[in-house]
J.: 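One structure, pasted below without further comment.
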Amino acid sequence: QVQLVESGGGLVQAGGSLRLSCAASGRTFSRYAMGWFRQAPGKEREFVTAISGSAYRSYLMDSVKGRFTISRDNAKNTVYLQMNSLKPEDTAIYYCVARTTPNYSDDYNSYDYWGQGTQVTVSS
């Protein structure tokens, strides 16, 4: 069983930055692909970004390319989402996810573990 605990959400003005963290339990963290999804009010959950277990490969959805960066520190069992140049449309609950294979995916059904979510609100 893997537990994921997100932190770092909050309220920020448009153009600002936030860094989300996701701490994972377990001793095989480096074998897990990690990712972030988000869900805005009244909208479906959507993929944001993911990173392979070795951190060799990562993937970002088009609307956040150039603004968001995913990274991980396997020694700390933590994955990060650096969000810059935030826009009001980035407002959502952000969920950290993990799958017990090292290759990432943009399909949330392929992830085995989910965090409780952290709220990000971007004011205009």
Side-chain angles (χ1 to χ4, degrees):
Q1 188 73 14
V2 174
Q3 291 186 329
L4 304 175
V5 180
E6 302 103 331
S7 61
L11 174 63
V12 64
Q13 288 188 332
S17 298
L18 283 174
R19 188 176 82 156
L20 305 184
S21 299
C22 173
S25 63
R27 294 179 290 180
T28 57
F29 178 74
S30 64
R31 299 179 186 177
Y32 300 158
M34 303 293 295
W36 294 91
F37 284 77
R38 69 185 183 185
Q39 188 166 21
K43 295 186 177 181
E44 293 188 353
R45 193 172 299 175
E46 65 176 353
F47 170 80
V48 177
T49 182
I51 189 167
S52 63
S54 64
Y56 182 71
R57 293 182 177 179
S58 63
Y59 179 72
L60 292 159
M61 71 173 185
D62 288 345
S63 64
V64 304
K65 285 181 179 177
R67 300 190 297 122
F68 290 12
T69 304
I70 187 171
S71 61
R72 65 190 296 161
D73 185 337
N74 287 341
K76 295 182 178 179
N77 279 21
T78 302
V79 64
Y80 304 98
L81 180 62
Q82 178 67 44
M83 305 185 293
N84 299 326
S85 301
L86 282 161
K87 304 176 180 180
E89 51 264 43
D90 294 318
T91 295
I93 298 174
Y94 284 71
Y95 296 91
C96 176
V97 297
R99 63 196 299 247
T100 54
T101 63
N103 298 318
Y104 62 74
S105 170
D106 62 359
D107 176 5
Y108 69 81
N109 288 314
S110 72
Y111 286 89
D112 303 295
Y113 302 102
W114 289 77
Q116 82 286 353
T118 186
Q119 178 71 47
V120 171
T121 303
V122 184
S123 63
S124 57

J.: Are any of the side-chain heavy atoms of M61 and D106 separated by less than 4.5 Å?
T.: no
J.: Would you say the side-chain atoms of T91 pair up with the backbone N or O of V122, donor to acceptor, closer than 3.5 Å?
T.: yes
J.: Looking at Y95, does the NZ or CZ of R45 lie under 6.0 angstrom from its six-membered ring centre and within 45 degrees of the ring axis?
T.: yes
J.: So, do Y113 and V97 sit near enough that their side-chain heavy atoms are less than 4.5 Å apart?
T.: no
J.: Can you list everything that forms a side chain to side chain donor-acceptor pair (under 3.5 Å) with S25? Sequence neighbours excluded, please.
T.: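 Per chain and number, S25 pairs via side chain to side chain donor-acceptor pair (under 3.5 Å) with no residue.
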J.: Would you sort out whether Y94 and Q119 count as a side chain to side chain contact (heavy atoms under 4.5 Å, CB included), showing the intermediate values?
T.: CA-CA 6 Å; Y94 284 71; Q119 178 71 47; over 6 Å; no
J.: Apply side chain to side chain contact (heavy atoms under 4.5 Å, CB included) to T78 and list each qualifying residue two or more places apart in sequence or on a separate chain.
T.: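 Side chain to side chain contact (heavy atoms under 4.5 Å, CB included) check on T78 returns S21, A23, K76, Y80.
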J.: Looking at R19, is its backbone amide N or carbonyl O close enough to the side chain of Q82 to form a donor-acceptor pair, meaning the two atoms are under 3.5 Å apart?
T.: no
J.: Is there a side-chain contact between L4 and W114 in this structure, where contact means two heavy atoms from C-beta onward sitting under 4.5 Å apart?
T.: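 Sidechains of W114 and L4: no contact.
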J.: Could you go step by step and tell me if Y104 and R57 meet the side chain to side chain contact (heavy atoms under 4.5 Å, CB included) rule?
T.: CA-CA 8 Å; Y104 62 74; R57 293 182 177 179; 3.5 Å; yes
J.: Can we call the ring centroids of F47 and F37 under 6.0 Å apart?
T.: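 Between F47 and F37, the centre distance is under 6.0 Å.
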J.: Between CG of N103 and OG1 of T101, what distance do you get to the nearest 0.5 Å?
T.: 5.5 Å
J.: Does the pair L20 and M83 meet the rule for a side chain to side chain contact (heavy atoms under 4.5 Å, CB included), with working shown?
T.: CA-CA 8 Å; L20 305 184; M83 305 185 293; 3.7 Å; yes
J.: For R38, which residues count as a salt bridge (Lys or Arg N to Asp or Glu O under 4.0 Å) partner, sequence neighbours excluded?
T.: E46, D90
J.: Do other residues, nucleotides or ligands put more than 12 heavy atoms under 6.0 Å from Q39 CD?
T.: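 Result for CD/Q39: enclosed.
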J.: Give a yes-or-no answer on whether the side chains of N84 and S17 include a donor-acceptor pair shorter than 3.5 Å.
T.: yes
J.: To the nearest 0.5 angstrom, please state how far the OG atom of S30 sits from the CG atom of D73.
T.: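 Between S30 OG and D73 CG, I get 11.5 Å after rounding to 0.5 Å.
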J.: Return the minimal non-hydrogen interatomic distance between G26 and N77, and the atom names on each side.
T.: O-ND2, 2.7 Å
J.: Could you tell me the separation between the OG1 atom of T121 and the CD atom of Q13, rounded to the nearest 0.5 Å?
T.: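 Atom-to-atom, T121:OG1 and Q13:CD are 13.0 Å apart.
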J.: Heavy atoms only: give me the nearest M34-A98 pair and the separation to one decimal.
T.: SD-CB, 3.4 Å
J.: How long is the straight-line distance from CZ of R99 back to OG of S110, given to the nearest 0.5 Å?
T.: 4.0 Å
J.: Determine the minimum heavy-atom distance between A24 and V2, stating which atoms define it.
T.: CB-CG1, 4.4 Å
J.: State, yes or no, whether a side-chain contact exists between Y32 and P102 at a heavy-atom distance under 4.5 Å.
T.: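 A side-chain contact under 4.5 Å is absent here.
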J.: Can you confirm whether S124 sits close enough to P88 that some side-chain heavy atom of one is under 4.5 Å from a side-chain heavy atom of the other?
T.: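 In contact.
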J.: Report yes or no: does R67 contribute a side-chain atom to a donor-acceptor pair with the main-chain N or O of S63 at less than 3.5 Å?
T.: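 Checked: pair present.
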J.: Could you state the interatomic distance from OG (S58) to CZ (F68), rounded to the nearest 0.5 Å?
T.: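 Result: 14.0 Å between the selected atoms.
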J.: So, is the end of the R72 side chain (NZ or CZ) under 6.0 Å from the ring centre of F29 and within 45° of the ring's axis?
T.: yes
J.: Testing the basics here: between T100 and D112, what is the closest heavy-atom pair and its distance to 0.1 Å?
T.: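 The answer is N-OD2, 2.9 Å.
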J.: Kindly give the heavy-atom pair with the smallest separation between G35 and I70, and that separation in Å.
T.: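 G35 and I70 have their closest heavy atoms at CA-CD1, 4.4 Å.
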J.: I'd like to check V64 versus T49 (side-chain heavy atoms, cut-off strictly below 4.5 Å). Are they in contact?
T.: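 V64 vs T49: side chains apart.
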J.: Taking the side chain as C-beta and beyond, is there a heavy-atom pair between I93 and T118 under 4.5 Å?
T.: no
J.: For residues A92 and A40, report the shortest heavy-atom separation together with the two atoms involved.
T.: CB-N, 3.8 Å
